[in-house]
Amino acid sequence: MRTAAVGVALLFLPMAAVAQTAAPPAQTPARPEVAVPVHGFEVVRVWPHDREAFTQGLVWRDGAFIESTGRYPSTVRKVRLEDGLAMRVERLSLEHFGEGLTELNGRVFSLTWQGGRGFIWNASDLRRIGEFDYEGEGWGLTTDGARLILSDGTDRLRFLDPDTLTETGFVPVTIGGRRLTRLNELEWIDGEVWANVWQTDFIVRIDPATGVVKGVVDLRALMPDRAGMDPADDVLNGIAWDAEGRRLFVTGKRWPSVFEIRVTDPR
C-alpha cells in the first residue's frame with residue numbers, strides 16, 4: 001500500500017488551511033513523519049447539476065438530493081438526480097447566507113455563514129418548522145445519527161444535541177499532529193466524518209473520536225476543464241452518501257455536474 005508522509009500530504013492543502021505552529025527549539029528532536037493514506041478515485045457516472053447552484057450542503061435522502069446554496073437569495077431545495085431539476089425550492093431571507101445542512105429523523109437542519117442562525121425544515125416538503133442559534137460561523141453540517149456535527153472554518157468539529165441545539169463538545173482536527181482548518185461541507189460515511197477542505201480539491205477522512213485525519217481523497221483530476229469558472233469561488237464542495245446503495249456523490253459550487261465516484265485504495 002502506498003501512503004504519503006504527512007509532509008507530502010500537507011502539500012495537497014493550501015498553507016492557509018493548515019494552522020502553523022512555532023518551530024521547535026534546535027535541540028528538540030524532530031517528530032517522525034506520520035503516514036497519511038492518499039486515495040484516488042474512479043468516476044462511475046456523471047449527473048447534471050444546476051450551474052447556478054452555489055452548493056454549500058448536500059445530502060441524499062429518499063431517492064433525491066437535499067441541497068443548500070449560498071449567495072443571495074440562498075436556498076434549501078430538493079433536487080432530482082436524473083436531470084438536476086429542483087423539485088422544491090425554499091428561499092432564505094436576504095440577510096442570510098446559506099451554508100451546510102443535514103437531515104436527521106425527518107428534520108433538515110441548515111446553517112448560515114455569519115448570522116449565527118440555523119433553520120429546521122420538514123424533510124418531506126421543506127416546510128420551515130423551527131430556528132436555532134449557535135456561536136461563531138456556520139460552514140458544514142452532518143450527523144452521526146445521534147448528534148449534529150458542525151464545522152465553522154476553524155480546526156474544530158463541534159457536536160450539538162439535535163433536540164436542544166446546545167453544544168455538547170468538540171474535537172480538534174489534525175493531520176500529522178498539525179491542526180487543519182477550513183473544514184467545509186461534511187458527510188458521515190461508515191463511522192467517519194468526510195470533509196471538503198475549502199479551496200482545495202481534497203476531501204479528508206476524519207476519526208470523529210480523535211479528530212485525526214485518517215486519509216486524504218485526491219480529486220484534482222475530477223474536472224480538469226474549468227474554463228470560465230472562478231478558481232477562488234467555484235470550488236469542490238458537496239459530498240452526499242447513499243448508504244443503502246453504497247454510492248458516493250461529489251460536486252462543487254456552480255459546477256455543471258454531480259459526479260458519482262468510487263474511492264480507490266491507496267497504492
Side-chain angles (χ1 to χ4, degrees), residues 41 43-94 96-113 118-130 138-143 148 151 184-189 194-196 198 201 203 219 222-223 226 229-230 233-262:
F41 69 94
V43 174
V44 176
R45 190 164 176 180
V46 180
W47 304 92
H49 182 244
D50 181 359
R51 187 66 175 78
E52 300 302 314
F54 196 77
T55 305
Q56 302 285 54
L58 192 70
V59 295
W60 177 262
R61 291 294 182 274
D62 299 326
F65 293 121
I66 303 176
E67 181 179 26
S68 58
T69 70
R71 299 294 178 108
Y72 303 101
S74 296
T75 70
V76 173
R77 53 180 68 185
K78 182 167 286 189
V79 178
R80 194 159 59 199
L81 172 65
E82 290 77 14
D83 56 10
L85 176 69
M87 298 178 288
R88 184 170 182 87
V89 178
E90 293 295 324
R91 291 173 174 82
L92 277 59
S93 57
L94 291 179
H96 296 301
F97 189 109
E99 283 283 349
L101 93 171
T102 194
E103 184 270 341
L104 178 62
N105 297 330
R107 295 185 295 168
V108 173
F109 300 84
S110 69
L111 304 175
T112 58
W113 178 27
F119 299 103
I120 307 172
W121 316 79
N122 185 298
S124 61
D125 60 9
L126 295 186
R127 175 174 49 89
R128 189 185 297 184
I129 56 176
W139 286 42
L141 195 65
T142 192
T143 178
L148 302 181
S151 64
N184 206 357
E185 215 270 311
L186 308 177
E187 183 73 358
W188 182 264
I189 301 177
W194 289 39
N196 287 116
W198 183 49
D201 285 334
I203 292 172
L219 296 178
L222 180 61
M223 196 171 69
R226 302 187 190 182
M229 301 176 69
D230 184 339
D233 253 0
D234 300 341
V235 295
L236 182 76
N237 199 55
I239 312 167
W241 174 240
D242 173 9
E244 182 178 355
R246 307 295 296 175
R247 295 186 296 175
L248 177 62
F249 303 97
V250 296
T251 190
K253 302 173 188 287
R254 296 189 295 220
W255 281 24
S257 303
V258 172
F259 296 89
E260 182 183 336
I261 65 170
R262 184 180 72 83

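The chain is numbered in sequence order, starting from 1. The analysis underlying the following values was restricted to heavy atoms, covering all of them including side chains, and did not include hydrogens, waters or symmetry mates. Being a predicted model, the structure only gives us computed values, none of them experimental.
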* Report the distance from atom CZ of Arg128 to atom CG of Asn122, rounding to the nearest 0.5 Å. => 13.5 Å
* Evaluate the criterion side-chain contact (heavy atoms from CB on, under 4.5 Å) for residue pair Phe249 and Asp242; output intermediate values, then yes/no. => CA-CA 8 Å; Phe249 303 97; Asp242 173 9; 4.1 Å; yes
* Asked: So how far is it from Lys78 NZ to Ser124 OG, rounded to the nearest 0.5 Å?
  -> 6.5 Å
* Atom CZ in Arg127, atom CZ in Arg88: separation rounded to 0.5 Å? -> 9.5 Å
* Asked: Phe119 versus Leu101: any side-chain heavy-atom pair under 4.5 Å?
  -> no
* Give a yes or no on whether a salt bridge exists between Asp50 and Arg77, defined as a side-chain N under 4.0 angstrom from a carboxylate O. => yes
* With a 4.5 Å heavy-atom cut-off, do Trp113 and His96 have their side chains touching? -> no
* **Donor + acceptor pair across side chains of Thr55, Trp255 (<3.5 Å)** => no
* **salt bridge (charged side-chain N to carboxylate O under 4.0 Å, His left out), paired with Arg226, selected from Asp201, Asp234, Asp233** => Asp201
* Hey, is CG on Asp62 packed in by over 12 heavy atoms from elsewhere, all under 6.0 Å? -> no
* Asked: Between Ala123 and Glu103, what is the shortest heavy-atom contact and its length?
  -> CB-CG, 4.0 Å
* CH2/Trp139 to CG/Asn237 distance, rounded to the nearest 0.5 angstrom? -> 9.5 Å
* Expected output: side-chain Ser151 to main-chain Gly140 donor-acceptor under 3.5 Å -> yes
* Asked: CD/Gln56 to CZ/Phe97 distance, rounded to the nearest 0.5 angstrom?
  -> 5.0 Å
* Evaluate side-chain contact (heavy atoms from CB on, under 4.5 Å) for Glu99 paired with Leu141, printing each intermediate quantity in order. => CA-CA 8 Å; Glu99 283 283 349; Leu141 195 65; over 6 Å; no
* Take Thr142 and Trp194 through the test side-chain contact (heavy atoms from CB on, under 4.5 Å) and record every step on the way to the result. => CA-CA 9 Å; Thr142 192; Trp194 289 39; over 6 Å; no
* To do: Determine the sole option in Val108, Thr75, Leu126 for which the side chain to side chain contact (heavy atoms under 4.5 Å, CB included) test with Glu90 is passed.
  => Leu126
* May I ask you to decide if Gly57's main-chain N or O and Ser68's side chain share a donor-acceptor pair within less than 3.5 Å? => yes
* Would you check if Glu187 and Val59 make a side-chain contact, meaning some heavy-atom pair closer than 4.5 Å? => yes
* Structure fact -> Taking every heavy atom of Ala240 against every heavy atom of Phe65, the minimum-distance pair comes out as CB-CE2, 3.9 Å
* To do: Evaluate the criterion side-chain contact (heavy atoms from CB on, under 4.5 Å) for residue pair Val258 and Glu67; output intermediate values, then yes/no.
  => CA-CA 12 Å; Val258 172; Glu67 181 179 26; over 6 Å; no
* Distance, nearest 0.5 Å, that separates CD1 of Ile239 from CG of Asn196 -> 4.0 Å
* Atom CD of Glu244 with >12 non-hydrogen neighbours under 6.0 angstrom -> no
* May I ask you to check whether over 12 heavy atoms, not counting those of Arg107, lie within 6.0 Å of atom CZ? => yes
* **Considering all heavy atoms, the nearest Val79-Met87 contact** => C-CE, 4.0 Å
* Asked: Where the side chain of Arg254 meets the backbone of Glu52, is there a donor-acceptor pair that is under 3.5 Å apart?
  -> no
* Asked: What's the shortest heavy-atom distance between Ala195 and Leu186, and which atoms?
  -> CB-CD2, 3.5 Å
